Amino acid sequence: MLTAEQEKKGECIWVPTAKQQVFLSSPFQEVLYGGAAGGGKSDALMIDMMGLGQNALNWPKYRAILFRKTFPELGELVDRSRNIYPQIFPGAVYNTTEHEWRFPSGAKIQFSYMDKDDDRHKHAGSEYQWIGFDELTHWASPVCFRFLQSRLRSTNPDIKCYLRAGTNPGSRGHAWVKDYWQINNAGDETAFVHVTNRDGYSARSTRQFISARLDDNPHLSDSGYKDVLLKLPEKDRKKLLDGRWDIMEGQYFTSWNPAKHIIEPFVIPPDWPRWRGMDWGKTRPYSVGWYTIDPDGCIYRYKELYGWGGEPNKGTDESVSQVARKMLEMEEHERAKGIVFRRNPADPSCWYSKGEGVTITELFRDAGITWTPAKGGPASRINGWNVCNQKLHDGQFKVFSNCKHFIRTVPMLQIDESRPEDLDTNMEDHVADEWRYALISRVKYQKEHLPKQRAGHMTFDYLLEQDQPTIEKSKYRL
């Protein structure tokens, strides 16, 4: 990392830690570095984007860009780069207007931000060989991250393209980042090949998560920073010191407890009523869940069908007929036993024709599946979330362990910063919406009443009773 002149003088501008060296030398296409605080993430990203290992800055067309969520957050990165870049590469000049470093060859390194998803379109015509995200979990959804992947390409066979990110666990994008790199709760390192199959074509990408903790950074060993982290509340300490990924901040469904709410599947008695709910999606996932209720009023989500494209918040582009066919196959054994699904709520938008004359629900009906509109209105969302939270709090909702997408997405949903009573709709909330529809569809349990005292034999009341027809009443009501 030193110039010939610096080597002669014996100067050392920057020395990586052992974990930073693993990051800088990784051959994987997509690498996430971090976990706990103090691991040296920002420095590692700023050094890596220079492409020193492949002399990228000598190529006039080399472009690298490092993102933060908001513009003010860029200040610290720029200040740090001012201390490093000119020493490693004399002649580098920083342009304050464009927020970029310009090198003598014509190569450029940029610092930018994307606060909203629409900010990604500013880079629609750009081409980069290195793209990085600092504090990746600050982005609530992977929309910006996935879009920028399409801007990663090189016309120089000697310059490889890399996507890099650093982050701590927590924040609004915790769930999708954890899922994308297949990180377990303990924050152990991962390395794997991800394969995407589409239209008969398979695309492969290599991904690696490098876990770095405070103890991996000798530069902070005597700084007292560890004492600061040890004094934090338990949740923050587990995230920032231990690097755990099972702790979240801003969680919406605070009553969720996997030990309490997740149960193993059991055979459902045939007299328990059953129904389903649906949130429709095509480019985004659709969600169908099947529910039942027991004599004590506890509701169970016992199976699901989720239109997941293999990555967070990505749909399958399936048609209504394809989804309906899958649903009928999943219900076949229940229908054969005479079980009927009643009061099945679906996303109200399924009744909108948008000028085409045919609605989603009509297409489902033609395929043999009927729906009823979910409750709407200005306050329906907030009311529905309150019902969901109350059911969790009271222990009156259980989910079968085979409903993996409910378990993957719902507990991770977070509070909307602009509307604290609502959850963040930029996250993967499709299962949650469908769950809300199902719980507020006014499914009730009607307790079985004790038979009233029969009149005495051959009395007037007794004779009247003999003329009344016997009516069998279900102890459940939908």
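Because the structure is a prediction, the values reported are computed rather than measured.
Nearest heavy-atom pair across Pro90 and Pro104 is O-CG, 4.3 Å. Considering all non-hydrogen atoms of both residues, Leu24 and Pro16 come closest at CD1-CB, 4.1 Å. Nearest heavy-atom pair across Met46 and Leu77 is SD-O, 3.3 Å. The nearest pair of heavy atoms linking Ser171 to Gln414 is O-NE2, 3.1 Å. Across every non-hydrogen atom of Thr254 and Asn389, the tightest pair is N-OD1, 4.0 Å. Summarising the geometry of Ile440 relative to Gly384, their closest heavy-atom pair is CG2-CA, 3.8 Å, with the distance given to 0.1 Å.
Salt-bridge check for Lys19 with Glu189: passed, with a basic side-chain N closer than 4.0 Å to an acidic carboxylate O. Under 4.0 Å is where a charged nitrogen must lie from a carboxylate oxygen, and between Arg436 and Glu434 no such pair does. A salt bridge is defined here as a Lys NZ or Arg NE, NH1 or NH2 lying under 4.0 Å from an Asp or Glu carboxylate O, and Asp422 with Arg419 meets this definition. Ion pairing of Lys404 with Glu304 is absent here, as no side-chain N (NZ or NE/NH1/NH2) approaches a carboxylate O to less than 4.0 Å. We find that Arg408 and Glu428 are joined by a salt bridge, their nearest charged nitrogen and carboxylate oxygen being less than 4.0 Å apart. Using a cutoff of 4.0 Å between basic side-chain nitrogens and carboxylate oxygens, Asp119 and Lys122 are scored as salt-bridged.
Residues Lys303 and Met330 meet the side-chain proximity criterion, which asks for heavy atoms closer than 4.5 Å. Using a 4.5 Å heavy-atom cutoff, the side chains of Ile131 and Arg164 are not in contact. Between Ile415 and Asp424, the closest side-chain pair of non-hydrogen atoms is not below 4.5 Å. With contacts defined as side-chain heavy-atom distances shorter than 4.5 Å, the pair Phe133/Leu66 does not qualify. Counting only heavy atoms from C-beta outward, the side chains of Asp416 and Leu423 never approach each other to under 4.5 Å. At a threshold of 4.5 Å between non-hydrogen side-chain atoms, the residues Val31 and Arg207 do not count as touching. Inter-residue side-chain proximity for Gln182 and Phe192 is flagged as met; some heavy-atom pair is nearer than 4.5 Å. Between Tyr62 and Ser154 there is no side-chain heavy-atom pair separated by less than 4.5 Å.
Ring-plane geometry between Trp435 and Phe397 is classed as tilted, the angle between the planes lying from 30 to 60 degrees on a 0 to 90 degree scale. Using cut-offs of 30° and 60° for the angle between ring planes, the Phe145 and Tyr180 rings count as perpendicular. The aromatic rings of His174 and Trp245 sit tilted, their planes meeting at an angle between 30° and 60°. By the 30° and 60° cut-offs, the orientation of the rings of Phe103 relative to Tyr85 is tilted. Aromatic ring pairs are classed by plane angle as parallel below 30°, tilted from 30° to 60° and perpendicular above 60°; the pair Tyr252 and Trp385 is perpendicular.
Under the 6.0 Å distance and 45° angle rule, Arg120 counts as a cation-pi partner of Phe147. Figure legend: Arg63 and Trp130 shown without cation-pi pairing, the cationic atom not lying both under 6.0 angstrom from the six-membered ring centre and within 45 degrees of its axis.
Under the 3.5 Å distance criterion, with hydrogens and angles disregarded, no donor-acceptor pair is assigned to the side chains of Asn383 and Lys375. A side-chain N or O of Lys41 and one of Asn168 form a donor-acceptor pair less than 3.5 Å apart. Side chains of Gln20 and Tyr33: no donor on one and acceptor on the other come within 3.5 Å. For the residue pair Ser42/Asp134, the side-chain donor-acceptor check at 3.5 Å is satisfied.
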TODO: Go through the steps for Asn184 and Lys178 under the test side-chain hydrogen bond (donor to acceptor under 3.5 Å, both in side chains), then give the verdict.
DONE: CA-CA 8 Å; Asn184 63 20; Lys178 179 183 179 183; over 6 Å; no
Open item on the list: As a quick check of understanding, evaluate side-chain contact (heavy atoms from CB on, under 4.5 Å) for Tyr306 and Val431, giving each step before the final call.
Closed with: CA-CA 8 Å; Tyr306 193 62; Val431 176; 3.4 Å; yes
TODO: Take Arg276 and Glu331, measure what salt bridge (charged side-chain N to carboxylate O under 4.0 Å, His left out) needs, and give me the verdict at the end.
DONE: CA-CA 11 Å; Arg276 49 176 140 75; Glu331 295 177 355; 2.5 Å; yes
Open item on the list: Pair Ile183, Leu32 - check side-chain contact (heavy atoms from CB on, under 4.5 Å), show working.
Closed with: CA-CA 10 Å; Ile183 305 170; Leu32 176 66; 3.9 Å; yes
Open item on the list: Quick one, Trp308 with His430, criterion side-chain contact (heavy atoms from CB on, under 4.5 Å). Give me CA distance, side-chain angles, the key distance, then yes/no.
Closed with: CA-CA 10 Å; Trp308 195 49; His430 317 290; over 6 Å; no
TODO: Start with the C-alpha distance between Asp347 and Asp433, add both sets of side-chain angles, then the distance that settles side-chain contact (heavy atoms from CB on, under 4.5 Å), and finish with yes or no.
DONE: CA-CA 8 Å; Asp347 179 0; Asp433 282 334; over 6 Å; no
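Counted within 6.0 Å of CD on Glu76, heavy atoms from surrounding residues, nucleotides or ligands total 12 or fewer; the atom is thus considered open. More than 12 heavy atoms of other shown residues, nucleotides or ligands fall within 6.0 angstrom of atom CZ in Arg153. Environment of CD in Glu362: crowded, with over 12 heavy atoms of neighbouring residues, nucleotides or ligands closer than 6.0 Å. Within 6.0 Å of atom NZ in Lys160, 12 or fewer heavy atoms from other residues, nucleotides or ligands are found, so the atom counts as exposed in its surroundings.
Atom-to-atom distance recorded for Ile407:CD1 and Ile262:CD1 is 4.0 Å, nearest 0.5 angstrom. From Phe23, atom CZ reaches atom CD1 of Ile47 across 11.0 Å, with rounding to the nearest 0.5 Å. Atoms NZ and CH2, from Lys108 and Trp101 in turn, are 14.5 Å apart once rounded to the nearest 0.5 Å. Atom CD of residue Gln110 and atom CD of residue Glu100 lie 5.0 Å apart, to the nearest 0.5 angstrom. Annotation: the span from Leu163 atom CG to Gln149 atom CD amounts to 5.5 Å, rounded to 0.5 Å. In this structure, Cys388 SG and Leu439 CG are separated by 5.0 Å, a value rounded to the nearest 0.5 Å.
Checked against a 6.0 Å centroid threshold, the rings of Phe67 and His123 count as neighbours. The aromatic ring centres of His99 and Tyr94 sit 6.0 Å or more apart.
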